[in-house]
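What follows is one structure encoded as structure tokens, with my remarks underneath.
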Amino acid sequence: MAQFQPVRGTHDILPDDFARFRSVIDTARLAASLHGYREMATPMFEVVDVFARSMGESSDAVSKEMYAFTDKGGEHLALRPEYTAGICRAFISNGLQQHVPFKAFAWGPMFRYERPQKGRQRQFHQIDVEVIGAAEPQADVEVIALAADILRRLGILDKCTLLLNTLGDPESRVAYRAALVEYFSAHKASLSEDSLKRLEKNPLRILDSKDEGDRKLVADAPLIDNYLTQAAGDFFAAVKAGLAQAGVPFQVDPRLVRGLDYYTHTAFEFVTTHLGAQGAVIAGGRYDGLIEQLGGNPTPGIGWAGGIERLVLLSDPKPQAAPMLAIVPVGEAAEAEAIALAGELRRADIAVELGYKGNVGKRMKRADKLGCFGALIFGADEMAKGVVKLKDFASGQEAEIARGDLVAHLKARA
RNA sequence: GCGGGAGUAGCUCAGGUGGUUAGAGCACCAGAUUGUGGCUCUGGGGGUCGCGGGUUCAAGUCCCGUCUCUCGCCCCA
């Protein structure tokens, strides 16, 4: 290959794209802060065990998709495939149990060695929300409502459906799992090849199968409702009631399950039909056992992650450049003066573009192309009079403004 | 990891059954217009046709491999 190209599954984010990318983050950050979540970040890589122990050794994310490596010091590290494990590790490392409930918002790159597709990359980016140290269903409701608020602000809530389910507490889950294994084992002959593997590894996932034959079996499979303990059932009822109170519509989907071991109780997904096979836009759930698995004191938690690229694909925000003004000097003296003027305006928080070269025509053309709303033109004549000409591109009108009044004039204009 | 589709200029794409200097639109640059942008006109730069190999007198075109993208499965955001 003659030329370098980005590594498979990675993408450059060029300025126009970045504007959309950032607007998703900004929107999420704003909504999160309105709900009392504070932004934080953890490293992009961790000791491998942080992920292996939390997500489960056998999960695909850990066993086949992890960017794991040994550094020069012999440490076994991995690029993070998700955010939850790292934030929980940080919760433990920093003794944050004194701050519970700890409410965090974060975003950043994630890495999974998967086969790339639209809406699925090897380096992708997530926004993430976690509440650690809250066992109450109100936390579930708040976290989900926050996700819905972000989707609403992005103008894509109506393209998404909120699917909701419960996996119960550990006791419920064990009982349900056993019931599923019994049921599907009795029908092994008609199970798909994939589902036979699932039966060994993660029987719950059979419920999620897309195979035609599996679906028929699943239709008659036992439902978790019958295996929930009283407490787990009450918890789920409280979450549903809370969502209704919050005005967040949802659809209970008994087939919604999670791939990762650490989930308990509430599981949810905002899904869309607009992204092909990559339907999940924001997904998460409760993980009451996770902190303990990572070596902390038993601490409940709940959170979700949303794929920024997927959110960008779904929304189509017009990249809106900040209003900018071009400075167009004429002649050598003006050229020098322009540098001073640009500095003066920028210190006053007025965005200006000062071309490096070209005659008036060129600079005007460039100013127009950049989307400037106007240009400040001045040469020897204007300098002698102590004014600059402000040309408004929309109207084509020009006005002479005293140099001393310029900042005030431009401020007033906005 | 498995199965399908596709790669020609920065972008969107033309290039019947192989045939000689590979095209268009948009974009970019320059000039008409060295103190005035958008519109128009004129000209220009830019491609080892994803990459490597094979068949042939001759390959963008046919064959094989490979890389990347894409659709689905797996899995997931």
Side-chain angles (χ1 to χ4, degrees), chain A residues 1-11 14 16 24 55 58-66 81-84 107-128 147 160 192-195 197-198 201-202 205 208-212 214 257-260 269-272 275-284 303-314 326 328-331 334 355 357-382 389-398:
Chain A
M1 219 156 299
Q3 278 195 8
F4 286 120
Q5 41 182 27
V7 170
R8 178 154 145 101
T10 68
H11 289 293
L14 301 180
D16 279 349
V24 168
M55 302 170 80
S58 66
S59 68
D60 278 22
V62 170
S63 62
K64 343 194 301 211
E65 299 171 0
M66 202 148 68
E82 57 125 41
Y83 225 141
T84 304
W107 73 274
M110 305 295 153
F111 306 86
R112 291 180 199 171
Y113 189 83
E114 290 187 281
R115 179 132 180 194
Q117 264 182 49
K118 180 153 119 199
R120 184 207 282 167
Q121 302 163 204
R122 289 185 172 183
Q123 175 178 335
F124 62 104
H125 300 78
Q126 289 186 331
I127 51 175
D128 185 279
C160 300
S192 70
E193 202 178 319
D194 281 330
S195 285
K197 280 185 215 146
R198 293 187 181 106
K201 247 171 89 173
N202 194 343
R205 289 222 68 92
D208 209 19
S209 177
K210 285 170 191 163
D211 181 88
E212 201 59 39
D214 288 351
V257 293
R258 304 268 68 163
L260 304 183
E269 259 175 38
F270 286 85
V271 297
T272 181
L275 293 179
Q278 277 62 53
V281 176
I282 288 181
W304 54 253
I308 296 178
E309 285 86 353
R310 289 185 186 180
L311 290 164
V312 168
L313 284 172
L314 212 52
V328 181
V330 185
K357 63 167 185 185
N359 57 33
V360 176
K362 293 245 184 302
R363 295 196 193 212
M364 294 292 282
K365 193 176 267 192
R366 177 165 168 82
D368 185 58
K369 217 168 287 175
L370 288 172
C372 292
F373 62 82
L376 289 173
I377 306 162
F378 62 96
D381 296 355
E382 287 81 5
K389 255 192 224 168
L390 171 60
K391 175 159 186 172
D392 181 273
F393 281 168
S395 66
Q397 303 275 309
E398 285 182 12

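Convention: sequence-line order gives letters A, B, ...; per-chain numbering from 1.
Pair assignment for B:C75: none, as no Watson-Crick or G-U wobble contacts are both less than 3.5 Å. Within the shown strands, B:U68 is the pairing partner of B:A6 under the Watson-Crick or G-U definition, both distances less than 3.5 Å. Nucleotide B:G18: unpaired (no Watson-Crick or G-U wobble partner with both distances less than 3.5 Å). Across all strands shown, B:C39 has no partner, as no Watson-Crick or G-U wobble contact with both distances under 3.5 Å is found. Figure legend. B:A27 is base-paired to no nucleotide; pairs are counted as Watson-Crick or G-U wobble with both atom distances under 3.5 Å. Pair check for B:U55 finds none; no Watson-Crick or G-U wobble contact set falls under 3.5 Å. When both pairing distances are held under 3.5 Å, B:G47 makes no Watson-Crick or G-U pair with any nucleotide shown. For B:U34, there is no paired nucleotide, since no Watson-Crick or G-U wobble pair has both relevant distances below 3.5 Å.
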With the criterion being N/O to N/O and under 3.5 Å, what pairs connect the protein with nucleotides 30-34 of chain B, and how long is each?
{"residue": "B:G31", "atom": "OP2", "partner": "A:Lys362", "partner atom": "NZ", "Å": "2.5"}

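At a threshold of 4.0 angstrom between heavy atoms, the contacts of A:Arg115 include nucleobase atoms, whether or not backbone atoms are also involved. Contact annotation for A:Asp211: no contact, since no heavy-atom pair falls under 4.0 Å across all strands. A:Val330 comes within contact range of at least one nucleobase, with a heavy-atom separation under 4.0 Å. No contact: A:Gly331 has no heavy atom under 4.0 Å from any strand. No engagement by A:Glu193 is indicated, since no non-hydrogen atom pair under 4.0 Å with the nucleic acid exists. Looking at heavy-atom distances under 4.0 Å, A:Ala280 makes contact with sugar-phosphate atoms alone, never a base. Residue A:Glu398 is in base contact, counting any heavy-atom pair closer than 4.0 Å across all strands shown. Within the 4.0 angstrom heavy-atom criterion, only backbone atoms of the sugar-phosphate kind lie near A:Arg8; the bases stay farther away. Looking at heavy-atom distances under 4.0 Å, A:Gly279 makes no contact with the nucleic acid at all. At a threshold of 4.0 angstrom between heavy atoms, the contacts of A:Gly371 with the nucleic acid are absent. Contacts of A:Ala380 with the nucleic acid, taken as non-hydrogen atoms under 4.0 Å apart, include base atoms.
In this structure, CZ of A:Arg122 is placed 18 Å from P of B:C75, rounded to the nearest angstrom. Rounded to whole Å, atom C1' of B:G37 lies 14 Å from atom CG of A:Leu376. If you take CG of A:Leu14 and C1' of B:C11, they are 13 Å apart, rounded to a whole angstrom. The distance between atom CZ of A:Arg366 and atom P of B:G38, rounded to the nearest whole Å, is 15 Å. Atoms CD (A:Gln117) and P (B:C73) sit 8 Å apart, rounded to a whole Å. Distance A:Lys389 NZ to B:U36 C1': 8 Å, rounded to the nearest Å. Regarding A:Asp60, its CG atom lies at a distance of 12 Å from the P atom of B:A77, rounded to whole Å. One can place CZ of A:Phe270 at 17 Å from C1' of B:C76, the figure rounded to the nearest angstrom.
The side chain of A:Arg310 has B:A77 as its nearest neighbour among B:C28, B:C71, B:A77. Comparing B:U68, B:C75, B:A77 against the side chain of A:Phe124 picks out B:A77 as the nearest. When distances are taken from the side chain of A:Arg112 to each of B:C73, B:C76, B:U36, the shortest belongs to B:C76. Considering only the side chain of A:Lys369, B:C28 comes nearest among B:C28, B:G1, B:G37.
A gap of 24 Å separates the P atoms of B:A6 and B:U48, to the nearest Å. Going from the P atom of B:G37 to that of B:C28 covers 16 Å, rounded to whole Å. Taking the P atom of each, B:C76 and B:G60 are spaced 46 Å apart, rounded to whole Å. Taking atom C1' on both nucleotides, B:G46 is separated from B:U36 by 30 Å, rounded to a whole Å. For the C1' atoms, the distance from B:G65 to B:C29 is 41 Å, rounded to whole Å. For the P atom pair drawn from B:A14 and B:C57, the interatomic distance equals 32 Å after rounding to whole Å. Across B:G18 and B:C62, the matching P atoms stand 9 Å from one another, rounded to whole Å. When the P atom is compared between B:U61 and B:U21, the two are found 16 Å apart, to the nearest whole Å.
Side-chain contact check for A:Met110 versus A:Pro81: every heavy-atom pair is 4.5 Å or farther apart.
With 3.5 Å as the limit, one finds a donor-acceptor pair spanning the side chains of A:Ser209 and A:Asp214.
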| task | Using the side chain to side chain contact (heavy atoms under 4.5 Å, CB included) rule, take A:His125 and A:Val24 through it: C-alpha gap first, then chi angles, then the decisive distance, then the call. | result | CA-CA 11 Å; A:His125 300 78; A:Val24 168; over 6 Å; no
| field | Criterion side chain to side chain contact (heavy atoms under 4.5 Å, CB included) on A:Phe124 and A:Arg310, from CA distance to verdict | value | CA-CA 9 Å; A:Phe124 62 104; A:Arg310 289 185 186 180; over 6 Å; no
| message | What verdict does the side chain to side chain contact (heavy atoms under 4.5 Å, CB included) test give for A:Asp194 and A:Asp211, after you've listed the backbone C-alpha separation in whole Å, the side-chain angles of each residue and the deciding distance to 0.1 Å? | response | CA-CA 9 Å; A:Asp194 281 330; A:Asp211 181 88; over 6 Å; no
| task | Given side chain to side chain contact (heavy atoms under 4.5 Å, CB included), test A:Glu309 with A:Val312 step by step and report yes or no. | result | CA-CA 5 Å; A:Glu309 285 86 353; A:Val312 168; 5.6 Å; no
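Heavy-atom nearest nucleotides on RNA chain B were determined for A:His125 and for A:Pro116, and the one closer to the 5' end corresponds to A:Pro116.
When the shell of 6.0 Å around OH of A:Tyr113 is examined, it contains 12 or fewer heavy atoms from other residues, nucleotides or ligands.
Using a 5.5 Å limit on the distance between ring centres and a 30° limit on the angle between planes, the aromatic ring of A:Phe393 does not count as stacked on the six-membered base ring of B:G38.
At a cut-off of 3.5 angstrom, the base of B:U36 holds at least one donor-acceptor pair with the side chain of A:Lys391. Within 3.5 Å, a donor on the side chain of A:Glu382 pairs with an acceptor on the base of B:G35, or the reverse. Between the side chain of A:Gln5 and the base of B:G50, no donor-acceptor pair of N or O atoms lies under 3.5 Å.
Taking OG of A:Ser63 as the reference point, atom NZ of A:Lys201 lies at 5.0 Å (rounded to 0.5 Å).
Salt bridge annotation for A:Asp60-A:Arg112: absent, with no cationic side-chain nitrogen under 4.0 angstrom from a carboxylate oxygen.
No donor-acceptor pair closer than 3.5 Å links the side chain of A:Arg205 to the backbone N or O of A:Arg198. With hydrogens and angles ignored, the 3.5 Å screen pairs no side-chain donor or acceptor of A:Gln121 with any backbone N or O of A:Pro116.
Here the shortest heavy-atom pairing between A:Met364 and A:Lys391 reads CE-CD, 3.9 Å.
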